[in-house]
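The structure appears right after this line, and notes come after that.
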Amino acid sequence: MITLTDCSRRFHDKKKVVKAVRDVSLTIQKGEVVGILGENGAGKTTMLRMIAALLEPSQGAIKVAGFDTVKQPAEVKKRIGVLFGGETGLYDRMTAKENLQYFGRLYGLNRHEIKARIEDLSKRFGMRDYMNRRVGGFSKGMRQKVAIARALIHDPDIILFDEPTTGLDITSSNIFREFIQQLKREQKTILFSSHIMEEVQALCDSVIMIHSGEVIYRGALESLYESERSEDLNYIFMSKLVRGIS
Ligand SMILES: Nc1ncnc2c1ncn2[C@@H]1O[C@H](COP(=O)(O)OP(=O)(O)OP(=O)(O)O)[C@@H](O)[C@H]1O
Ligand SMILES: [Mg+2]
(Lines give C-alpha, C1' and ligand atoms only; values in the text may rest on other atoms or scores of the structure.)
(Ligands and ions follow the chains in the order given, each with its own letter.)
Protein backbone atom coordinates (compact mmCIF):
# COMPACT_ATOMS: atom_id res chain seq x y z
CA MET A 1 0.00 0.00 0.00
CA ILE A 2 2.83 2.44 0.87
CA THR A 3 6.39 1.72 -0.25
CA LEU A 4 9.54 3.72 0.24
CA THR A 5 12.51 2.67 -1.88
CA ASP A 6 16.00 3.94 -0.99
CA CYS A 7 14.41 7.17 0.06
CA SER A 8 16.51 10.11 1.29
CA ARG A 9 15.84 13.77 1.93
CA ARG A 10 18.48 16.44 2.36
CA PHE A 11 18.00 20.06 3.33
CA HIS A 12 20.48 22.80 2.51
CA ASP A 13 20.71 24.99 5.54
CA LYS A 14 23.16 27.81 4.67
CA LYS A 15 26.38 25.94 3.96
CA LYS A 16 25.43 22.87 5.91
CA VAL A 17 23.62 19.89 4.44
CA VAL A 18 21.14 18.26 6.80
CA LYS A 19 20.32 14.64 6.02
CA ALA A 20 16.83 14.43 7.48
CA VAL A 21 15.99 10.99 6.07
CA ARG A 22 18.66 8.53 4.93
CA ASP A 23 18.20 5.58 2.58
CA VAL A 24 14.92 4.35 3.92
CA SER A 25 13.23 1.34 2.31
CA LEU A 26 10.08 -0.03 3.86
CA THR A 27 6.53 -1.18 3.16
CA ILE A 28 3.30 -0.46 4.99
CA GLN A 29 0.44 -2.85 4.30
CA LYS A 30 -3.19 -1.93 3.80
CA GLY A 31 -5.05 -1.93 7.11
CA GLU A 32 -1.88 -1.63 9.16
CA VAL A 33 -1.63 0.87 12.03
CA VAL A 34 1.97 2.01 12.28
CA GLY A 35 3.61 4.24 14.87
CA ILE A 36 6.67 6.36 14.06
CA LEU A 37 8.98 6.82 17.00
CA GLY A 38 12.05 9.00 17.15
CA GLU A 39 13.62 11.82 19.09
CA ASN A 40 13.13 15.48 18.18
CA GLY A 41 14.73 16.07 14.79
CA ALA A 42 14.92 12.34 13.93
CA GLY A 43 13.09 12.81 10.63
CA LYS A 44 9.50 11.79 11.44
CA THR A 45 7.76 14.86 10.03
CA THR A 46 10.00 14.86 6.95
CA MET A 47 9.11 11.23 6.26
CA LEU A 48 5.38 11.90 6.67
CA ARG A 49 5.52 14.98 4.44
CA MET A 50 7.23 12.98 1.69
CA ILE A 51 4.61 10.21 1.89
CA ALA A 52 1.87 12.86 1.75
CA ALA A 53 3.38 14.19 -1.53
CA LEU A 54 4.03 17.55 0.16
CA LEU A 55 7.80 17.23 -0.10
CA GLU A 56 9.88 15.47 -2.75
CA PRO A 57 12.55 12.97 -1.79
CA SER A 58 16.09 14.02 -2.80
CA GLN A 59 16.68 10.42 -3.78
CA GLY A 60 14.63 7.28 -4.15
CA ALA A 61 10.90 6.90 -4.67
CA ILE A 62 7.65 6.56 -2.73
CA LYS A 63 4.49 4.86 -3.90
CA VAL A 64 1.11 5.27 -2.26
CA ALA A 65 -1.65 2.91 -3.43
CA GLY A 66 0.45 2.32 -6.56
CA PHE A 67 0.93 6.03 -7.36
CA ASP A 68 4.27 7.78 -7.38
CA THR A 69 4.34 10.76 -4.99
CA VAL A 70 6.46 12.88 -7.38
CA LYS A 71 4.88 11.91 -10.70
CA GLN A 72 1.26 11.57 -9.55
CA PRO A 73 0.87 13.76 -6.45
CA ALA A 74 -2.82 14.53 -7.08
CA GLU A 75 -3.71 10.82 -7.11
CA VAL A 76 -1.81 10.37 -3.88
CA LYS A 77 -3.43 13.37 -2.17
CA LYS A 78 -6.94 12.15 -3.04
CA ARG A 79 -6.35 8.92 -1.17
CA ILE A 80 -4.81 10.24 1.99
CA GLY A 81 -5.85 12.40 4.91
CA VAL A 82 -3.07 14.36 6.61
CA LEU A 83 -2.70 16.34 9.76
CA PHE A 84 0.57 17.88 10.79
CA GLY A 85 1.29 18.89 14.34
CA GLY A 86 0.83 22.58 14.97
CA GLU A 87 -0.56 23.50 11.56
CA THR A 88 -4.27 22.87 11.58
CA GLY A 89 -4.85 24.55 8.21
CA LEU A 90 -8.19 25.93 9.42
CA TYR A 91 -9.61 29.36 8.66
CA ASP A 92 -10.20 31.38 11.82
CA ARG A 93 -12.90 33.58 10.32
CA MET A 94 -15.05 30.60 9.39
CA THR A 95 -17.09 28.41 11.71
CA ALA A 96 -16.09 24.78 12.27
CA LYS A 97 -18.87 23.69 9.94
CA GLU A 98 -17.89 26.15 7.21
CA ASN A 99 -14.29 24.95 7.43
CA LEU A 100 -15.36 21.33 6.98
CA GLN A 101 -17.72 22.26 4.14
CA TYR A 102 -14.93 24.16 2.44
CA PHE A 103 -12.48 21.26 2.60
CA GLY A 104 -15.21 18.83 1.55
CA ARG A 105 -15.78 20.89 -1.60
CA LEU A 106 -12.04 21.02 -2.27
CA TYR A 107 -12.06 17.22 -2.33
CA GLY A 108 -14.97 17.25 -4.77
CA LEU A 109 -17.69 15.94 -2.44
CA ASN A 110 -21.29 16.94 -3.18
CA ARG A 111 -23.59 18.74 -0.70
CA HIS A 112 -25.24 15.58 0.55
CA GLU A 113 -21.95 13.81 1.11
CA ILE A 114 -20.56 16.81 2.94
CA LYS A 115 -23.61 17.08 5.19
CA ALA A 116 -23.57 13.39 6.10
CA ARG A 117 -19.83 13.39 6.70
CA ILE A 118 -19.98 16.48 8.93
CA GLU A 119 -22.82 15.02 10.94
CA ASP A 120 -20.94 11.78 11.47
CA LEU A 121 -17.63 13.40 12.38
CA SER A 122 -19.09 16.04 14.70
CA LYS A 123 -21.02 13.35 16.52
CA ARG A 124 -18.00 11.09 16.86
CA PHE A 125 -15.80 13.89 18.18
CA GLY A 126 -18.43 15.50 20.39
CA MET A 127 -18.19 18.77 18.45
CA ARG A 128 -21.89 19.38 17.88
CA ASP A 129 -22.13 22.23 20.40
CA TYR A 130 -19.59 24.36 18.66
CA MET A 131 -19.97 23.53 14.98
CA ASN A 132 -21.52 26.94 14.32
CA ARG A 133 -18.90 28.94 16.21
CA ARG A 134 -15.92 30.61 14.58
CA VAL A 135 -12.69 28.62 14.85
CA GLY A 136 -10.78 31.81 15.79
CA GLY A 137 -12.17 31.61 19.33
CA PHE A 138 -11.52 27.90 19.83
CA SER A 139 -9.25 26.34 22.43
CA LYS A 140 -6.29 24.27 21.22
CA GLY A 141 -8.09 20.96 21.74
CA MET A 142 -11.28 22.13 20.00
CA ARG A 143 -9.19 23.22 17.03
CA GLN A 144 -7.33 19.95 16.96
CA LYS A 145 -10.58 18.00 16.81
CA VAL A 146 -11.87 20.10 13.93
CA ALA A 147 -8.49 19.65 12.22
CA ILE A 148 -8.71 15.87 12.61
CA ALA A 149 -12.24 15.95 11.18
CA ARG A 150 -10.96 18.10 8.30
CA ALA A 151 -8.26 15.53 7.53
CA LEU A 152 -10.92 12.82 7.33
CA ILE A 153 -13.67 14.70 5.49
CA HIS A 154 -13.14 12.81 2.20
CA ASP A 155 -13.07 9.44 3.98
CA PRO A 156 -9.50 8.61 2.86
CA ASP A 157 -8.11 5.07 2.89
CA ILE A 158 -4.75 6.21 4.20
CA ILE A 159 -4.35 8.52 7.17
CA LEU A 160 -1.13 10.27 8.20
CA PHE A 161 -1.01 12.08 11.51
CA ASP A 162 1.96 13.94 12.93
CA GLU A 163 1.68 13.95 16.73
CA PRO A 164 -2.12 13.98 16.65
CA THR A 165 -2.82 14.08 20.38
CA THR A 166 -0.35 16.82 21.28
CA GLY A 167 -2.36 19.49 23.07
CA LEU A 168 -5.44 17.34 23.59
CA ASP A 169 -6.83 16.69 27.06
CA ILE A 170 -7.37 13.14 28.29
CA THR A 171 -10.99 13.02 27.12
CA SER A 172 -10.12 14.20 23.62
CA SER A 173 -7.10 11.89 23.43
CA ASN A 174 -9.34 9.01 24.36
CA ILE A 175 -11.87 10.00 21.73
CA PHE A 176 -9.05 10.14 19.23
CA ARG A 177 -7.79 6.74 20.25
CA GLU A 178 -11.24 5.19 19.98
CA PHE A 179 -11.57 6.78 16.61
CA ILE A 180 -8.31 5.19 15.44
CA GLN A 181 -9.65 1.80 16.58
CA GLN A 182 -12.79 2.39 14.53
CA LEU A 183 -10.78 3.38 11.48
CA LYS A 184 -8.69 0.27 11.96
CA ARG A 185 -11.82 -1.88 11.88
CA GLU A 186 -12.70 -0.15 8.62
CA GLN A 187 -9.37 -1.42 7.22
CA LYS A 188 -7.85 2.05 6.92
CA THR A 189 -4.08 2.33 6.78
CA ILE A 190 -2.86 4.62 9.53
CA LEU A 191 0.60 6.02 10.06
CA PHE A 192 1.25 8.42 12.90
CA SER A 193 4.15 9.83 14.84
CA SER A 194 3.98 10.13 18.58
CA HIS A 195 6.14 10.74 21.61
CA ILE A 196 3.59 8.94 23.77
CA MET A 197 4.68 5.34 24.08
CA GLU A 198 1.45 4.12 25.70
CA GLU A 199 -0.49 5.51 22.77
CA VAL A 200 1.68 3.64 20.29
CA GLN A 201 1.50 0.46 22.36
CA ALA A 202 -2.26 0.67 22.62
CA LEU A 203 -3.01 1.44 18.98
CA CYS A 204 -0.29 0.14 16.69
CA ASP A 205 0.40 -3.22 15.09
CA SER A 206 3.92 -2.23 14.20
CA VAL A 207 6.43 0.58 14.55
CA ILE A 208 9.10 2.45 12.65
CA MET A 209 11.89 3.71 14.88
CA ILE A 210 14.06 6.43 13.39
CA HIS A 211 17.30 7.85 14.68
CA SER A 212 19.14 10.62 12.78
CA GLY A 213 17.12 9.89 9.65
CA GLU A 214 17.85 6.16 9.66
CA VAL A 215 15.40 3.42 10.42
CA ILE A 216 16.73 1.47 13.37
CA TYR A 217 13.71 -0.83 13.68
CA ARG A 218 10.76 -1.64 11.45
CA GLY A 219 8.47 -4.43 12.41
CA ALA A 220 5.64 -5.77 14.52
CA LEU A 221 5.43 -4.74 18.16
CA GLU A 222 4.93 -8.36 19.13
CA SER A 223 8.21 -9.48 17.52
CA LEU A 224 9.98 -6.53 19.10
CA TYR A 225 8.75 -7.52 22.57
CA GLU A 226 9.87 -11.06 21.93
CA SER A 227 13.36 -10.23 20.68
CA GLU A 228 13.95 -7.63 23.41
CA ARG A 229 12.40 -9.83 26.11
CA SER A 230 10.45 -6.84 27.37
CA GLU A 231 7.10 -5.17 26.76
CA ASP A 232 8.31 -1.79 27.96
CA LEU A 233 8.44 0.18 24.72
CA ASN A 234 10.03 3.18 26.40
CA TYR A 235 12.86 1.02 27.68
CA ILE A 236 13.24 -0.79 24.33
CA PHE A 237 13.37 2.49 22.46
CA MET A 238 15.97 4.01 24.75
CA SER A 239 18.15 0.90 24.69
CA LYS A 240 17.97 0.77 20.88
CA LEU A 241 19.06 4.40 20.71
CA VAL A 242 21.99 3.68 22.96
CA ARG A 243 22.97 0.70 20.84
CA GLY A 244 22.10 2.52 17.62
CA ILE A 245 21.41 -0.75 15.82
CA SER A 246 18.44 -2.49 14.29
N1 LIG B 1 12.62 22.89 5.77
C2 LIG B 1 13.73 22.53 6.39
N3 LIG B 1 14.89 23.20 6.23
C4 LIG B 1 16.02 22.83 6.84
N5 LIG B 1 16.11 21.75 7.66
C6 LIG B 1 14.98 21.04 7.87
C7 LIG B 1 13.73 21.39 7.25
N8 LIG B 1 12.79 20.48 7.67
C9 LIG B 1 13.43 19.64 8.49
N10 LIG B 1 14.73 19.95 8.61
C11 LIG B 1 15.74 19.24 9.41
O12 LIG B 1 15.58 17.85 9.21
C13 LIG B 1 15.77 17.14 10.42
C14 LIG B 1 14.55 16.29 10.71
O15 LIG B 1 13.46 17.14 11.02
P16 LIG B 1 11.97 16.61 11.28
O17 LIG B 1 11.09 17.80 11.41
O18 LIG B 1 11.64 15.62 10.23
O19 LIG B 1 12.12 15.88 12.69
P20 LIG B 1 11.02 15.22 13.63
O21 LIG B 1 11.44 13.81 13.86
O22 LIG B 1 9.67 15.45 13.09
O23 LIG B 1 11.22 16.02 15.01
P24 LIG B 1 10.15 16.49 16.13
O25 LIG B 1 9.93 15.34 17.05
O26 LIG B 1 10.88 17.60 16.83
O27 LIG B 1 8.93 16.96 15.44
C28 LIG B 1 16.08 18.19 11.49
O29 LIG B 1 17.48 18.29 11.61
C30 LIG B 1 15.51 19.46 10.90
O31 LIG B 1 16.19 20.61 11.35
MG1 LIG C 1 8.05 16.51 13.78
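FYI, the numbering just counts along the sequence from 1. Counting starts at 1 for both ligands and their atoms, in listed order. Worth saying up front: this structure is predicted, and the values here are computed from it rather than measured. These numbers come from the heavy atoms of this one structure, side chains and all, not from hydrogens, waters or symmetry mates.
By heavy-atom distance, the residue among Val17, Thr45, Leu55, Ile36 lying nearest atom 17 (O) of ligand 1 is Thr45. Around atom 20 (P) of ligand 1, the closest heavy atom drawn from Arg10, Lys44, His12 belongs to Lys44.
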Could you tabulate the donor-acceptor pairs under 3.5 Å formed by side-chain atoms of residues 4-18, not counting sequence neighbours?
residue : atom : partner : partner atom : Å
Asp6    : OD1  : Ser25   : OG           : 3.2
Ser8    : OG   : Asp23   : N            : 2.8
Arg9    : NH1  : Glu56   : O            : 2.7

Per-pair distances, 0.1 Å, donor-acceptor, side chain in residues 61-78, under 3.5 Å, sequence neighbours excluded:
residue : atom : partner : partner atom : Å
Asp68   : OD1  : Val70   : N            : 2.8
Asp68   : OD1  : Lys71   : N            : 2.9
Gln72   : OE1  : Asp68   : N            : 2.9
Glu75   : OE1  : Arg79   : NH1          : 2.9

Hey, can you pull the donor-acceptor pairs under 3.5 Å for the side chains in residues 113-122, sequence neighbours left out?
residue : atom : partner : partner atom : Å
Glu113  : OE1  : Asn110  : N            : 2.7
Arg117  : NE   : Leu152  : O            : 3.3
Arg117  : NE   : Ile153  : O            : 3.2
Arg117  : NH2  : Leu152  : O            : 2.8
Asp120  : OD1  : Arg124  : NE           : 3.2
Asp120  : OD2  : Arg124  : NE           : 3.3
Asp120  : OD2  : Arg124  : NH2          : 3.1
Ser122  : OG   : Ile118  : O            : 2.8
Ser122  : OG   : Glu119  : O            : 3.2

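For ligand 1, one of its N or O atoms has an N or O atom of Ala42 under 3.5 Å away. At least one N or O atom of Gly41, backbone or side chain, sits closer than 3.5 Å to an N or O atom of ligand 1. Residue Phe11 has no N or O atom closer than 3.5 Å to an N or O atom of ligand 1.
Using a 4.0 Å threshold on non-hydrogen atoms, atom 9 (C) of ligand 1 counts as touching the protein. Proximity of atom 31 (O) of ligand 1 to the protein is not indicated, since no non-hydrogen protein atom lies closer than 4.0 angstrom.
Contact annotation: Arg49 has no heavy atom less than 4.0 Å from any atom of ligand 1. Distances shorter than 4.0 angstrom occur between a heavy atom of Gly43 and an atom of ligand 1. Residue contact annotation: Asp13 has no non-hydrogen atom under 4.0 Å from ligand 1.
Just one of Phe179, Tyr130, Phe176 meets the ring-ring contact (aromatic ring centres under 6.0 Å, His included) condition when paired with Phe125; it is Phe179. Of the residues listed (Asp162, Ile28, Ile80), the one engaging Leu191 in a side-chain contact (heavy atoms from CB on, under 4.5 Å) is Ile28, and it is the only one.
Taking all atoms of both residues into account, the shortest heavy-atom contact from Leu203 to Val33 is O-CG1, 3.4 Å. Here the closest non-hydrogen pair linking Leu37 and Ser194 is CD2-O, 3.5 Å. Among all heavy-atom pairs drawn from Ala52 and Val82, the shortest one is CB-CG1, 3.5 Å.
For atom 16 (P) of ligand 1, the closest heavy atom belonging to the protein is Thr46 OG1, 3.6 Å. Of all protein heavy atoms, the one lying nearest to atom 12 (O) of ligand 1 is Ala20 CB, 3.2 Å. Protein heavy atom at the shortest distance from atom 26 (O) of ligand 1 is Asn40 ND2, 3.1 Å.
Around the Mg ion (ligand 2), the protein atoms of type N, O or S found under 2.8 Å away are Thr45 OG1, listed by chain and number.
By the criterion of a heavy-atom distance under 4.0 Å, the side chain of Glu163, and not its backbone, is placed next to ligand 1.
Between Ile216 and Leu241 there is a side-chain heavy-atom pair separated by less than 4.5 Å.
Counting only N and O atoms by type, the side chains of Arg177 and Ser173 include no donor and acceptor under 3.5 Å apart.
Within 6.0 Å of CZ on Arg218 lie more than 12 heavy atoms contributed by other residues, nucleotides or ligands.
Counting atoms of ligand 1 from 1 in the listed order, those under 4.0 Å from a heavy atom of Val18 are 11 (C), 12 (O), 29 (O). Near His195, the atoms of ligand 1 lying under 4.0 angstrom from a non-hydrogen atom of the residue are 25 (O).
In summary, Lys184 and Asp205 engage in a salt bridge, as defined by a charged side-chain N under 4.0 Å from a carboxylate O. Taking a cutoff of 4.0 Å between a charged side-chain nitrogen and a carboxylate oxygen, Glu228 and Lys240 qualify as a salt bridge. Under a 4.0 Å N-O distance rule, the pair Asp92/Arg143 qualifies as a salt bridge.
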